[in-house]
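Notes for the one structure printed next.
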Protein chains: 2
Amino acid sequence: MSRTRDPESTKRNILAAAKMEFATKGLSGARVDDIANVAKVNKRMIYHYFESKENLFKLVIEKAYLDIREAELKLNLEHLDAKSALETLVRFTWKYYLDNPEFIRLVNSENLHHARHLKTSKEVVQANRNYVGLVQSILDRGVREGEFRDQIDPVNLNITIAAIGYYYLNNRFTGSIIFEQDLMDSEALDKRLEFNIETILKLVSR
Amino acid sequence: MSRTRDPESTKRNILAAAKMEFATKGLSGARVDDIANVAKVNKRMIYHYFESKENLFKLVIEKAYLDIREAELKLNLEHLDAKSALETLVRFTWKYYLDNPEFIRLVNSENLHHARHLKTSKEVVQANRNYVGLVQSILDRGVREGEFRDQIDPVNLNITIAAIGYYYLNNRFTGSIIFEQDLMDSEALDKRLEFNIETILKLVSR
DNA sequence: TATAAATGTAAACAATTGGTTACTTGATTT
DNA sequence: AAATCAAGTAACCAATTGTTTACATTTATA
């Protein structure tokens, strides 16, 4: 049966279109008209369901964070030895950024705006708390197994794992110009991933 | 003598105001009127000297790159042993990002726009070529001194040195929320710098 | 089945935007 | 000192923007 009305699908379409629009053009550059056109809904519906452009952005960035944290939990890193778990996490983080370039763009936008949309989001804070705990448990296990150094700060390790992927991909356009090579060709990408794994493993090894 | 007209100072004021405006609000979010007000010049002067908002942005981002590359050259890393040279470079990069947060924001904006303003800038490419050469020479020296591993890719090393500082500072707002600590308090900043030096030195060591 | 609530459309609005026009004032040159 | 050009001002414009108003239609419910 073909329903002529479908509020859930309308909301989903708006959110998906908004995510791409905000990621491509930033918060200021994004156009509500364009979001409506891509989502194939009347512009009025955006205000009906999401109140304002600003609030729509808030929901988009919140969902983006919850999505990546959820994907990380699915890795089931508890079942691996510490070294494999850490390598898996580095690989995952890289691949996630590579497959979801919108995530990086959205995080940049949110930081340009001093994270004002995320400030009130308890859910995102909790999801991240679990994530830091996960990395801490890998570190503990690595120490017990005699593989990792003691006293490594899990937050700084987390940040570095993200950083070495994020920066490369975020700055792929300026990078490809100033380094005079295509940073996005598959050979360069593979090489970078291996480089990153090496960086992290050397950092934690005894 | 007080000159009522001073084109050089007018241009300088416009460029300085534009740099801050673009860094704070991005290319789309920046307002030509605001740049004119901050620079204390008539809006007409911006178009007189810089043609368009877009072209003004181009000059701002070009100058930003030339400035950092120039500052790096002043470090005179050739006179240091390889390990000290590399540590100095990591410290410098961190401090430069810390003291010039506009640089990070501008690079983000340029990447959001697929680096279209930098594409035609021969000068920036040349400046960066010198920079990669500098890092390569440090690596060579380190190998000769028996301190560094062989075959380290200078471009990926460069990218990683930048990444570990850039990401932390770029995402300081979202980071302070999701990690539930002020990433910008001086203790956290010192700790991060030491962490980064350790990361790079462990990466290159034999 | 009548009715109210939810879902949707079209058009318009007030404010803002990058950019321009028409004009004035100061400095330099011959 | 006249003339010419560069530097500067104020007001305005057409286009675009996020948001709203007024209205129509579908769906669920009493």
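What you see below is based on every heavy atom in this structure, not just the backbone, and it leaves out hydrogens, waters and symmetry mates. Note that this is a predicted model, so its numbers are computed, not measured.
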>> For DNA chain C, which residues of residues 16-30 of chain A approach it to below 4.0 angstrom with any heavy atom?
In response: none
> Under the side chain to side chain donor-acceptor pair (under 3.5 Å) rule, what pairs show up with a residue in residues 86-96 of chain A, not counting sequence neighbours?
Replying inline: A:E87-A:R91, A:K95-A:D99
> Going by heavy atoms closer than 4.0 Å, what residues in residues 33-53 of chain B are next to DNA chain D?
Replying inline: B:N42, B:R44, B:M45, B:Y49
> In chain order, what residues pass the side chain to side chain donor-acceptor pair (under 3.5 Å) check against B:Y167, with sequence neighbours excluded?
Replying inline: none
> Charged N to carboxylate O under 4.0 angstrom, A:E187 versus A:R192?
Replying inline: no
> Do any pairs count as a ring-ring contact (aromatic ring centres under 6.0 Å, His included) and have a residue in residues 25-51 of chain A, sequence neighbours left out, and if so which ones?
Replying inline: none
> To the nearest angstrom, how far is B:F57 atom CZ from C:dG19 atom C1'?
Replying inline: 19 Å
Under 3.5 Å, side-chain donor or acceptor atoms of residues 29-36 of chain A against the rest of the protein: list the pairs with distances, not counting sequence neighbours.
from  : atom 1 : to    : atom 2 : distance (Å)
A:R31 : NH1    : A:S28 : O      : 3.0
A:D33 : OD1    : A:K43 : NZ     : 3.4
A:D34 : OD2    : A:K25 : NZ     : 2.9

> In whole Å, what is the span from the CD atom of A:E8 to the P atom of C:dG8?
Replying inline: 10 Å
>> Holding to salt bridge (charged side-chain N to carboxylate O under 4.0 Å, His left out), I want the full list of residues that pass it with A:E180, two or more places apart in sequence or in another chain.
In response: B:R129
Quick one: side chains of residues 8-20 of chain B, donor-acceptor pairs under 3.5 Å with protein atoms, not counting sequence neighbours, listed by atom name and distance.
from  : atom 1 : to   : atom 2 : distance (Å)
B:T10 : OG1    : B:D6 : O      : 3.1
B:N13 : ND2    : B:S9 : O      : 3.2

> Which residues pass the salt bridge (charged side-chain N to carboxylate O under 4.0 Å, His left out) test with A:D182, sequence neighbours left out?
Replying inline: none
> To the nearest 10 degrees, how far apart in direction are the end axes of the helix from C:dT1-D:dA30 to C:dT30-D:dA1, each fit to five base pairs?
Replying inline: 10°
>> My understanding is that only residues two or more places apart in sequence, or in another chain, count here; which of them pass salt bridge (charged side-chain N to carboxylate O under 4.0 Å, His left out) with A:R69?
In response: A:E72
>> Just to verify, what does A:K119 make a salt bridge (charged side-chain N to carboxylate O under 4.0 Å, His left out) with, not counting sequence neighbours?
In response: none
> Has A:R31 got a side-chain N or O lying under 4.0 Å from the OP1 or OP2 atom of D:dT16?
Replying inline: no
> Of the candidate nucleotides D:dA7, D:dT19, D:dG8, which contains the atom at the shortest distance from the side chain of B:P7?
Replying inline: D:dA7
